[in-house]
Amino acid sequence: MWHLSLWLSILGYGLTWLLLPVVLLVKKRQPVSSVAWMLAILFLPVAGALLFLAFGINRVERRRSSMRQLALQCAELRPEPAEFVWQVSDDARPETRCLARLAERITGWQPTRGNQIELLTDTNRTLGLIEQAIRDARQSIHLEYYIWQPDKTGTRLRDLLIQKAREGVRVRFLYDGLGSWWLTRRFFHPMHEAGIQVATFLPGQTFRERWSFNLRNHRKIAVVDGQVAFTGGMNIGDEYIGRDPQHRFWRDAHLRIVGPEVWRLQNVFAEDWLFATGESLFTRDSFADVPSGGSTIAHTIASGPDEDLAVMQAIQLEAINEAKQQILLTTSYFVPPSTFVTALENAALRGVRVRLLVSGRFSHIATRYAGRSAYDSLLAAGVEIYEYQRGLLHSKTLTIDGHWSLVGSANLDCRSLFLNFEVGVALLDGPLANQLAEQFDRDVTDALWIKPGVWSRRPRFEIVLENFCRLFQPVM
């Protein structure tokens, strides 16, 4: 009997060594990642194969033909008049034209004018505005969040959704299966009773999708009545409004949007809802007419592992490369690919003032040390680096030359750039860029300035820890 077990084990190892590397080579991926997985499978056949099945395969590639067809249907329902579409040639700045053309070709959408967009940096005010929009809802409420905590804040907002559903408002609630894994049947039971539609993005409906632990929906979107939308970095829970004694203060950046870009965020939600439930929301009832709200030019940018191109990486790298005067980059998790390190260094070396603000002592230890491994070369190039100390910094913003900005859910790490579903809004607006710059200056006063001379004298064990953590950069 043991001979049979031995031969079965050998056969299993052989199939693992032969088949999984073939899968690795068939799929498009970064060479370093492919080599790492091959080595793991070679030296740890069982454990390596299981890890690859759980984390190494992209199982959320959407059926592109059907999605394109739905996109065409949605274009026919497009509510904004033609005058809301902003022509790239209308802007005199060549760098803005380059960024707008790139975003347009990647997303298939043109920027729109006529948006009224408010930058929200006080998380309590952000939550208050979201609650008020929900209270005012008359037709529909669409919510999509990576983390929704079943604490006092999350439960209060849930109860408000239940109240609106009982008033006849159509409520759809989409959450990430891993980010919000602590949401229980008990939490959802009164929502179901009130008629709220609840869906999990991942794990998905099929057995193959249920293995997709590594690909998360990190988006934060709220759309009410198709008239007002919120998006940015803030999830729902006590900690996000400063009620967690561990973090004390929470810094985040969010947007309140009225205007044509509400339709774009509704479109992102509809695609994700289709993926999670199979129900199409691409109807005239779901896409109401969107009135002009202001004068801001904006462009919603969605990215995810279902795209052939790393959208967020492409947009942000182009923005950094086009900068002429100043780059202000704020990110909660800073574990940048080498391409970003090189782009930031080149910008500083050509005379651009590059200022980087990252989360400090309240960030995760592994990501903090992995990110710090890039400090030496960045500091040598002249990049200014600050680590936030007052509380937890969770903002994800990029501002270029005081006229172009990006506010969204994506951090500057491989997970956000290549593995997560993310969303952001590019803003071609000087006043909003100035507001972001002013907020950056305020945050710097609560941050530790990493000075080259002091940094070079840090203990050697920290250097070893930084380089060790950097090895896990592709999955951070």
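The shown structure was predicted, so the numbers you read here are calculated from the model rather than taken from an experiment.
- Residues Leu183 and Gln149 approach most closely at CD2-C, 4.4 Å, considering heavy atoms.
- Listed by first and then second residue, the ring-ring contact (aromatic ring centres under 6.0 Å, His included) pairs involving residues 315-335 are Tyr333-His364 (not counting sequence neighbours).
- Ring-plane geometry between Tyr145 and Trp148 is classed as perpendicular, the angle between the planes exceeding 60 degrees on a 0 to 90 degree scale with a lower cut at 30.
- A 4.5 Å side-chain heavy-atom check between Leu419 and Arg216 finds every atom pair outside the cut-off.
- With 3.5 Å as the limit, one finds no donor-acceptor pair spanning the side chains of Asn434 and Glu438.
- Scored by the side chain to side chain donor-acceptor pair (under 3.5 Å) test, Arg368 finds Ser363 as partners (sequence neighbours excluded).
- In this structure, CG in Leu392 is found 9.0 Å from CG in Asp252, a value given to the nearest 0.5 Å.
- Applying the 6.0 Å contact sphere to CZ of Phe468 captures no more than 12 heavy atoms from other residues, nucleotides or ligands.
- For the pair Arg457 (side chain) and Gly453 (backbone), a donor-acceptor distance under 3.5 Å is present.
- For the atom pair NE2 (His403) and CG (Leu428), the distance works out to 8.5 Å, reported to the nearest 0.5 Å.
- Residues satisfying the side-chain contact (heavy atoms from CB on, under 4.5 Å) criterion with Asp429, sequence neighbours excluded, are Thr296, Pro431, Leu432.
- Looking at residues two or more places apart in sequence or on another chain, you find a ring pair (Phe, Tyr, Trp, His ring centres under 6.0 Å) between Trp455 and Tyr375.
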### Task
Show your working on side chain to side chain contact (heavy atoms under 4.5 Å, CB included) between Ile327 and Arg353 and close with a plain yes or no.
CA-CA 6 Å; Ile327 297 171; Arg353 187 183 185 189; over 6 Å; no

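- Partners of Tyr146 by ring pair (Phe, Tyr, Trp, His ring centres under 6.0 Å), not counting sequence neighbours, listed by chain and number: His218.
- Taking the side chain as every heavy atom from C-beta outward, Val268 and Asp272 approach each other to under 4.5 Å.
- Of all non-hydrogen atoms in Ala302 and Val311, the two that sit nearest each other are O-CG1, 3.8 Å.
- For the pair Val198 and Tyr175, the minimum side-chain heavy-atom distance is below 4.5 Å.
- Between the side chain of Arg158 and the backbone N or O of Phe187 there is at least one donor-acceptor pair closer than 3.5 Å.
- Listed here is the closest heavy atom pair of Lys396 and Ser409: CE-O, 3.4 Å.
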### Message
If you apply the rule side chain to side chain contact (heavy atoms under 4.5 Å, CB included), what do you find for Gln389 with Asp446, and how did you get there?
### Response
CA-CA 6 Å; Gln389 302 294 308; Asp446 293 317; 5.9 Å; no

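- Counting all heavy atoms, side chain and backbone alike, Ala253 lies closest to Ser395 at N-OG, 3.3 Å.
- Tyr388 pairs by the ring pair (Phe, Tyr, Trp, His ring centres under 6.0 Å) definition with nothing, not counting sequence neighbours.
- In summary, the side chains of Thr112 and Glu261 do present a donor paired with an acceptor at a separation below 3.5 Å, with no hydrogens or angles considered.
- Distance check, rounded to the nearest 0.5 Å: CG of Leu356 to CG of Leu328 gives 10.5 Å.
- Side chains of Trp449 and Glu384: no donor on one and acceptor on the other come within 3.5 Å.
- A salt bridge does not link Lys324 to Asp401: none of the charged side-chain nitrogens sits closer than 4.0 Å to a carboxylate oxygen.
- With contacts defined as side-chain heavy-atom distances shorter than 4.5 Å, the pair Asp413/Thr367 does not qualify.
- With sequence neighbours excluded, the residues forming a ring pair (Phe, Tyr, Trp, His ring centres under 6.0 Å) with Trp250 are Tyr240, His247, His394, listed by chain and number.
- A 4.5 Å side-chain heavy-atom check between Ile400 and Glu322 finds every atom pair outside the cut-off.
- Within 6.0 Å of atom CH2 in Trp181, 12 or fewer heavy atoms from other residues, nucleotides or ligands are found, so the atom counts as exposed in its surroundings.
- Here the side chains of Ile385 and Arg372 are not in contact, with every heavy-atom distance at 4.5 Å or above.
- We find the CG-SG distance between Asn420 and Cys414 to be 11.0 Å, quoted to the nearest 0.5 Å.
- Partners of Ala270 under the side-chain contact (heavy atoms from CB on, under 4.5 Å) rule, at least two apart in sequence or in another chain, are Leu281, Phe282, Phe287.
- Enclosure of atom CG in Leu309 by more than 12 non-hydrogen atoms of other residues, nucleotides or ligands within 6.0 angstrom is indicated.
- Under the side chain to side chain donor-acceptor pair (under 3.5 Å) criterion, Glu462 pairs with no residue at all, not counting sequence neighbours.
- Remark: Thr339 pairs with Gln313, Leu317, Pro337 by the side-chain contact (heavy atoms from CB on, under 4.5 Å) rule, at least two apart or across chains.
- If you run ring-ring contact (aromatic ring centres under 6.0 Å, His included) between His142 and each of Phe230, Trp273, Phe173, Phe269, only Phe269 comes through.
- Between Leu127 and Ile236 the shortest side-chain heavy-atom distance falls below 4.5 Å.
- Here the OG1-CG distance, from Thr342 to Leu378, works out to 9.0 Å after rounding to the nearest 0.5 Å.
- Using a 4.5 Å heavy-atom cutoff, the side chains of Leu436 and Val407 are in contact.
- Atom CG in Leu329 sits 7.0 Å away from atom OG1 in Thr397 (nearest 0.5 Å).
- For Thr126, the side-chain contact (heavy atoms from CB on, under 4.5 Å) test picks out Leu120, Ile130, Met234, His254, with sequence neighbours left out.
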### Message
Assess the residue pair Gln435 and Gln439 against the criterion (side chain to side chain contact (heavy atoms under 4.5 Å, CB included)); give the C-alpha distance rounded to whole Å, side-chain angles, the decisive distance to 0.1 Å, and a yes or no.
### Response
CA-CA 6 Å; Gln435 290 181 40; Gln439 183 62 54; over 6 Å; no

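- Ion pair Arg458/Asp376 flagged as a salt bridge, since at least one NZ, NE, NH1 or NH2 atom sits closer than 4.0 Å to an Asp/Glu carboxylate oxygen.
- Residues passing the side chain to side chain donor-acceptor pair (under 3.5 Å) test with Ser180, sequence neighbours excluded: none.
- Arg470 approaches Pro336 most closely through the heavy-atom pair NH2-O, 2.6 Å.
- Listed here is the closest heavy atom pair of Ala310 and Leu417: CB-O, 3.8 Å.
- Taking the six-membered ring for Trp and thresholds of 30 and 60 degrees, Tyr386 and Phe440 have ring planes more than 60 degrees apart, a perpendicular arrangement.
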### Query
What's the verdict on side chain to side chain contact (heavy atoms under 4.5 Å, CB included) for Arg251 and Asp443, showing C-alpha distance, side-chain angles and the deciding distance?
CA-CA 9 Å; Arg251 265 288 295 117; Asp443 290 336; 2.8 Å; yes

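- The main-chain N or O of Thr153 is found under 3.5 Å from a side-chain atom of Asp238 such that the two form a donor-acceptor pair.
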